[in-house]
Amino acid sequence: MNPISLEALAAEVPDGAMLALPPDNSLPSVALAKALIRRGVRNLRLVGVPVSGFATDILIGAGCVTSVQTSAVSLGEAGFAPRFSAALRAGKIKVIDATCPAIHTMLQAAEKGVPFMPLRGLIGSDILANRPDWKVVPNPFATNGEDPIVLLPALNPDFVCFHALMADEEGNVWVGRRRECATIAHASKRALVTVERVVPGNFLEDERLASGAINATYISGIAIAERGARPVALLDEYGFDGAYVSEYARMARSEEGFAAWCAREVFEQKAQAAE
Amino acid sequence: MTEIKLEERITVALAKLILDPSAPPARHIAVGAASPMPAAACWLVKKQGNPVRLSLLHKRSGNPFTEGTRELFDLTGQGRIDLFFLGGGQIDGSANLNLVGTGEWPGMGVRFPGSFGSAFMYFMTPRTILFREEHTPRVFVEKVDNISAPGVSPPGVFRRGTAQALVTGRCVFRFHPDRARFSLESVHPGETVESVRDATGFAFDVAGDVPFTPDPTPEELALLRGPICDEMMETYPEFCTRVFGRKQAA
């Protein structure tokens, strides 16, 4: 699989797509989120696996998003996600709340190709009360009493985007221990992946690399984006840029501030890189 | 640096609750997102020589999970995690947690980040220690606006445990699941039963004289400000700088 350009990768995602994103501790592709903003994508239905962070907030701020299914949206130590909060208050996005293991479980059902999976907990939570698509049934195997349990439908996103450390010549990508990226790739129709670099060989031939790899069969497109997770950390490659996120959190408190940030960090940066 | 920071007092109070001999044993403790004080309390318990396994969800290097974050929930589903920590934007007198927001669902007043794993973890761990530094009537309310995770469950609903206690910036409450109420266990120096009552939106029980929460010992403070700060710097640099006075690397 030959890498394509970042902008070409972003062009693969049509308006209205359901797009799953990992959170800030698990390989989000901030580079691709910025490219999606430049492409002017609209009406994305985001899924936070299992929560949402920086990439989600900038996509919402740029008006690319119509709904978010997630278990939380936060900028970590930099606090609440400002454009998410503002968009919810203004009625510009629909928020579908979940709880972390429910998101994982719905994706695992899709991964297995079964229509639903059960999950413990949740009974008595208003999350459940606001999820007409989740059902409570008696445990059919219970030996003592009814034992109510929640059933969650399979979740099959149109796309997942994440940032892997590297790809090989065969199009396998390597994410190390961040295996939720594998679960989302298995469960989604198409996986678009940015990488720091492409290396010779085949990860699946190397016993030490194979367990951290995602087979190319699940990958629909790869683009090289050096520092593509920035400002988020990438495994042991580079750390979290707290100052960058704090500045964003300050500027994005207002719509004008976000627009100025976006002009500088999403559009100008790209123009400079192209020169 | 001898002044005891409130965060240090809360951390040491959390550590004492982890080691509470009347609670089920804590052999394997997990710490989730945005939890620097619980993480520090766990490190304190461990560095004091207690045999405990710590799984810190947000640790970047040496992260304990090799199957992604879902492994935390799978472990907890099986009953392999003994203790977890939860906070809340609102917590009420029955230990219901609201991490979603105030007003109409899904938080049309003030939106909080969201429920994270609370709606599962609160049911599936044998005990949960609640923590929230801000102790005001807007946080500790009579009834939460929205329930992320309920404090108690009716008979017949599968549940391994409930809150053990709630540690705040003013006091330590003990939770009694049989009557779904808190009682006041200790007040931090400078507080009284009355000052805690004034700052709390829910009714709670008081039995006899309420002692002060003990000060952290010099040994505990030295551990927190030295080796524990070292462990936490990568995950919580802002907290380590603010509380322990540690300079961040350029």
Side-chain angles (χ1 to χ4, degrees), chain A residues 22-23 25-26 48-52 70-74 76-78 80-81 84-85 88-89 91 95-105 107-108 119-130 139 145-149 177-183 211 233 235-236 239-240 242 246, chain B residues 32-34 36 57-61 63 65-74 76-77 96 98-101 105-124 144-159 234-239 248:
Chain A
N25 64 340
S26 190
V49 185
V51 300
S52 307
T70 190
S71 308
V73 189
S74 150
E77 281 202 313
F80 289 11
F84 161 75
S85 303
L88 173 64
R89 200 161 45 239
V95 179
I96 304 155
D97 274 283
T99 188
C100 298
I103 299 270
H104 292 305
T105 300
L107 292 168
Q108 286 178 275
L119 184 69
R120 286 292 191 193
L122 277 166
I123 293 169
S125 166
D126 287 333
I127 300 170
L128 178 62
N130 285 278
N139 168 6
E146 190 176 76
D147 189 19
I149 189 164
R177 75 188 81 196
R178 302 313 318 196
R179 299 304 299 173
E180 54 267 87
C181 289
T183 299
S211 60
L235 305 178
D236 56 359
F240 186 78
S246 296
Chain B
L57 186 60
H58 278 246
K59 194 167 174 0
R60 185 161 71 92
S61 54
N63 188 284
F65 301 115
T66 56
E67 298 294 332
T69 52
R70 76 173 163 85
E71 193 179 352
L72 167 67
F73 305 106
D74 293 350
T76 306
N96 294 310
N98 176 6
L99 291 87
V100 163
W105 187 270
M108 297 310 290
V110 176
R111 171 74 195 201
F112 308 142
S115 301
F116 292 96
S118 64
F120 179 81
M121 299 301 283
Y122 210 15
F123 289 79
M124 302 304 282
V144 293
D145 291 1
N146 296 292
I147 297 176
S148 291
V152 294
S153 299
V157 171
F158 186 92
R159 181 161 193 156
E234 180 187 81
T235 311
Y236 296 110
E238 192 278 330
F239 178 85
Q248 294 187 38

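A note on names: the letters A, B, ... follow the listed sequences, proteins ahead of strands, and every chain is numbered from 1.
Between B/Asn63 and A/Arg178, some side-chain heavy-atom pair lies under the 4.5 Å cut-off. Put simply, the side chain of A/Pro50 reaches to within 4.5 Å of the side chain of B/Thr69, judged on heavy atoms. Residues B/Arg111 and A/Phe80 have side chains not in contact (no heavy-atom distance under 4.5 Å, counting atoms from C-beta outward). In this structure, the side chains of B/Ser153 and A/Ile123 stay at 4.5 Å or more apart for every pair of heavy atoms.
Remark: B/Phe120 CZ to A/Ile127 CD1 distance equals 12.5 Å, nearest 0.5 Å. The structure places NE2 of A/His104 at 8.5 Å from CG of B/Leu72, a figure rounded to the nearest 0.5 Å. In this structure, CD in A/Glu180 is found 10.0 Å from CD in B/Glu67, a value given to the nearest 0.5 Å.
Options B/Phe65, B/Phe123, B/Tyr122, B/Phe112 differ in how many heavy-atom pairs under 4.5 Å they form with chain A, and the most are formed by B/Phe123. Of the listed residues (B/Gly68, B/Pro113, B/Gly109), the greatest number of heavy-atom pairs within a distance under 4.5 Å of chain A belongs to B/Pro113. Contacts with chain B were tallied for A/Ile149, A/Val51, A/Thr105, A/Leu88; A/Leu88 has the most, counting heavy-atom pairs under 4.5 Å. Taking A/Leu122, A/Asn130, A/Val49 one by one and counting their heavy-atom pairs under 4.5 Å with chain B, the maximum is reached by A/Asn130. Contact tally against chain A (heavy-atom pairs below 4.5 Å) for B/Ser118, B/Gly107, B/Pro36, B/Pro237: the top residue is B/Pro237. Listed options A/Gly242, A/Ser74, A/Gly239, A/Gly76 were ranked by heavy-atom pairs under 4.5 angstrom with chain B; first place goes to A/Gly239.
Only the side chain of A/Leu119 comes within less than 4.5 Å of a heavy atom in chain B; its backbone stays farther off. Neither the backbone nor the side chain of A/Ala102 comes within less than 4.5 Å of any heavy atom of chain B. Contacts of A/Pro101 with chain B are made by both backbone and side-chain atoms, with heavy-atom separations under 4.5 Å. Contacts of A/Asp147 with chain B are made by both backbone and side-chain atoms, with heavy-atom separations under 4.5 Å. If you measure heavy-atom distances from A/Thr183 to chain B, the contacts under 4.5 Å come from the side chain alone. For A/Val95, the parts lying under 4.5 angstrom from a heavy atom of chain B are both the backbone and the side chain.
In this structure, A/Ser125 and B/Pro150 approach most closely via the heavy-atom pair N-CD, 4.2 Å. Considering every non-hydrogen atom in both A/Asn25 and B/Leu57, the closest pair reads ND2-O, 4.1 Å. The shortest heavy-atom contact between B/Gly156 and A/Pro148 is O-CD, 3.5 Å.
Within the 3.5 Å criterion, the main-chain N or O of A/Ser71 finds no donor-acceptor partner in the side chain of B/Ser115. Listed for the B/Glu238 side chain is no donor-acceptor partner under 3.5 Å among the backbone atoms of A/Glu77.
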